[in-house]
Asker: 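Structure provided below as structure tokens; questions to follow.
Only heavy atoms go into these numbers, but all of them, side chains included; no hydrogens, no water, no symmetry mates. Every chain is numbered from 1, with letters handed out A, B, ... down the list of sequences.
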There are 2 protein chains.
Amino acid sequence: MPDKQTHIELIAALTAVTSGVPRVMTVRAGEALPSGPFELGHRSLQSGLREWIGDQTGHPIGYLEQLYTFADRDRSSAGGDEGRTISISYLGLVREQAAPGAGRPGWHGWYEYFPWEDHRDGRPNCLLSIAKGLHAWIIAEPSRREHRQRRTDFAFGLDGSPWNEDLALQRYELLYEAGIVAEAGGKADPATGRPMFADHRRILATGIARLRAKIKYRPVVFELMPENFTLLQLQRTVESLAGLTLHKPNFRRLIDQQELIEETGGMSSETGGRPAKLFRYRHAVLEERALSGSRLPLSRN
Amino acid sequence: MPDKQTHIELIAALTAVTSGVPRVMTVRAGEALPSGPFELGHRSLQSGLREWIGDQTGHPIGYLEQLYTFADRDRSSAGGDEGRTISISYLGLVREQAAPGAGRPGWHGWYEYFPWEDHRDGRPNCLLSIAKGLHAWIIAEPSRREHRQRRTDFAFGLDGSPWNEDLALQRYELLYEAGIVAEAGGKADPATGRPMFADHRRILATGIARLRAKIKYRPVVFELMPENFTLLQLQRTVESLAGLTLHKPNFRRLIDQQELIEETGGMSSETGGRPAKLFRYRHAVLEERALSGSRLPLSRN
DNA sequence: TCCGTTAATACTCAATTTGAGTATATATGG
DNA sequence: CCATATATACTCAAATTGAGTATTAACGGA
């Protein structure tokens, strides 16, 4: 074995929201995330990925954030020992756009891959069969039973725990550990969602969890919105990402406390009710602004 | 050029808190973070790093979290084109311990490298000279003046903006961009802190920012505490990390609302006042628990 | 022994922020 | 002109947070 090369691979979880559905860009008929080698010529990882995405898809990326770097041997795609692959994964946000033409890479809904994550119409039924599978795993090993039970209850909002949308990654990893998900040898079952190549679904879960956490303290949603939008459109976008329904009056109050948006003057009468005011994001003033605050009990001395 | 190898390097920002000072493990007389090549034999990045740290230092790592992966050519240490280095950086937390013996790698205080980050005794004076340097940079380019001013005011809590301890990374990157910091060609000045090799100080800033954000919503402080501790010790540790003083009664209220700790029954009379109850972290019950909640206005339907 | 000092611990109270709900206004399509 | 669908504006109680006060328990000299 003369030349055990290490390959550096960039993987992108690109997300857009169209008509209330958060979608991810895929290749291979929805089975993989777009990825490519990191070329030596690139100035940095980010710029390498940006260039590469610009070429592969027509979509300019507004927002790009590093997710995680993987090199686990036991999860690598090329199982053998002909070198190793380091995968550096990114989350990218793309503005809503017309449906892509034929021949283009496909956009698939998040919740095809994670049906248990969408709670906008209440707890999805697939959670019942998932809970059954998890229970089998919990009782399979008496010595770890209690610990597994606690982790499961916490992650999936069982036995009194509330559902927490931020735990998308923990949930996927628990299903993986329990062998329920197809990538971990589980049997095909619509309740456990559509599998993906290698660890791509895990990367997508990482991206979802990161985005769900981030919309609460940084104004990243606006990277997914068109220039002008109504408050309900904004709310629907956030709801689709969080997989939850929000309280309309309170959502509005929250938004205008932050002073992140301003009226354009225009109105929209798309939806059939009273026409809504159009708003736009106040780019100029607020590029680098934190939303929430300390959560630590400061003393002012 | 036959063999343009890509090197994978692991870099660790290991932190411990001793007697109210957060410290980082360094090598080369405080000029660099410990780092080493990623060997092909390792099962995963994390385990590779754990092994390696275990060998190099006597300290077992309780908590280890990936920070960021860098490959920017213009920040690489070996400036030439003999291949490229990918640096994967980690934040590790180490429990308080007796002072390390001679010959061991050294622990240096965070605030030697970032004197402007410690606000426990009020705004440090070094901020005055830093603000002066930043102002020169702001007015140097009239077309970007307003934008630079806003970013500076926000990051450093100037002109009405409050100081936000979470922005440690933004602050360092601003100083880098402005050429104030020695790594970016700035002149030596105690106010701008002690420089480090290559981009190691940037990695430390990333770790500090991550940890400051994380203590607010995950119980990670306990990774830095001894088995038994008093409430004031806990408070002092949090304060040292955040670089802020906290309001004692409210800190206590916060802590026991979370139900993260329990009394051991013992007392401590170390400090000279009334003896304090000793507490311990409730490992068993709470390994995977989120603290804060949604910040999204849910509807309960 | 008494008194100043240093903490620990226990409360109080007003100001904000949240959660939840109600009321009114303005479109559209029969 | 009315049913329907949404937009927008308020209200109000409950919970959380920020700030401060009071009391208790040790120690170390004078």
Asker: Could one point to a donor on the side chain of A:R274 or the base of C:dA25 with an acceptor on the other under 3.5 Å away?
Answerer: yes

Asker: To the nearest angstrom, how far is B:M267 atom CE from C:dA8 atom C1'?
Answerer: 8 Å

Asker: Atom CG of A:L231 and atom P of C:dA25: how far apart are they, to the nearest Å?
Answerer: 20 Å

Asker: Of all residues at least two apart in sequence or in a different chain, which pass the salt bridge (Lys or Arg N to Asp or Glu O under 4.0 Å) check with A:K132?
Answerer: none

Asker: Expressed in angstrom and rounded to an integer, what is the separation of B:K277 atom NZ from D:dT24 atom C1'?
Answerer: 12 Å

Asker: Between A:E165 and A:R212, is there a salt bridge with N-O shorter than 4.0 Å?
Answerer: no

Asker: Give me the residues of residues 247-254 of chain B where at least one heavy atom lies under 4.0 Å from an atom of DNA chain D, by number, or none.
Answerer: B:H247, B:P249, B:N250, B:R253

Asker: If I take atom CG in residue A:L296 and atom C1' in nucleotide D:dA19, what distance separates them, rounded to the nearest angstrom?
Answerer: 16 Å

Asker: Is any NZ, NE, NH1 or NH2 atom of the basic residue among A:E117 and A:R171 found under 4.0 Å from an Asp or Glu carboxylate oxygen of the other?
Answerer: yes

Asker: Is it true that A:T230 and A:S268 share a donor-acceptor pair across their side chains at a distance under 3.5 Å?
Answerer: no

Asker: For B:Q233 and B:P297, find the nucleotide of DNA chain C closest to each by heavy atoms; which residue's nucleotide sits nearer the 5' end?
Answerer: B:Q233

Asker: Could you state the atom-to-atom distance from CG of A:L246 to P of C:dT18 in whole Å?
Answerer: 14 Å

Asker: What is the distance, to the nearest angstrom, from the CG atom on A:D256 to the P atom on D:dA7?
Answerer: 15 Å

Asker: Between C:dT6 atom P and B:Q235 atom CD, what is the distance in whole Å?
Answerer: 17 Å

Asker: Considering heavy-atom distances to DNA chain C, does A:P275 or B:L232 have its closest nucleotide positioned more toward the 5' end?
Answerer: B:L232

Asker: Do A:R23 and A:T15 get their side chains close enough for a donor-acceptor pair, meaning under 3.5 Å?
Answerer: no

Asker: Listed by chain and number, what are the salt bridge (Lys or Arg N to Asp or Glu O under 4.0 Å) partners of A:E65, not counting sequence neighbours?
Answerer: A:R210, A:K214

Asker: Once you round it to whole Å, what is the distance between P of C:dT18 and NZ of A:K216?
Answerer: 14 Å

Asker: Quick one: do B:R151 and B:E173 make a salt bridge, cutoff under 4.0 Å?
Answerer: no

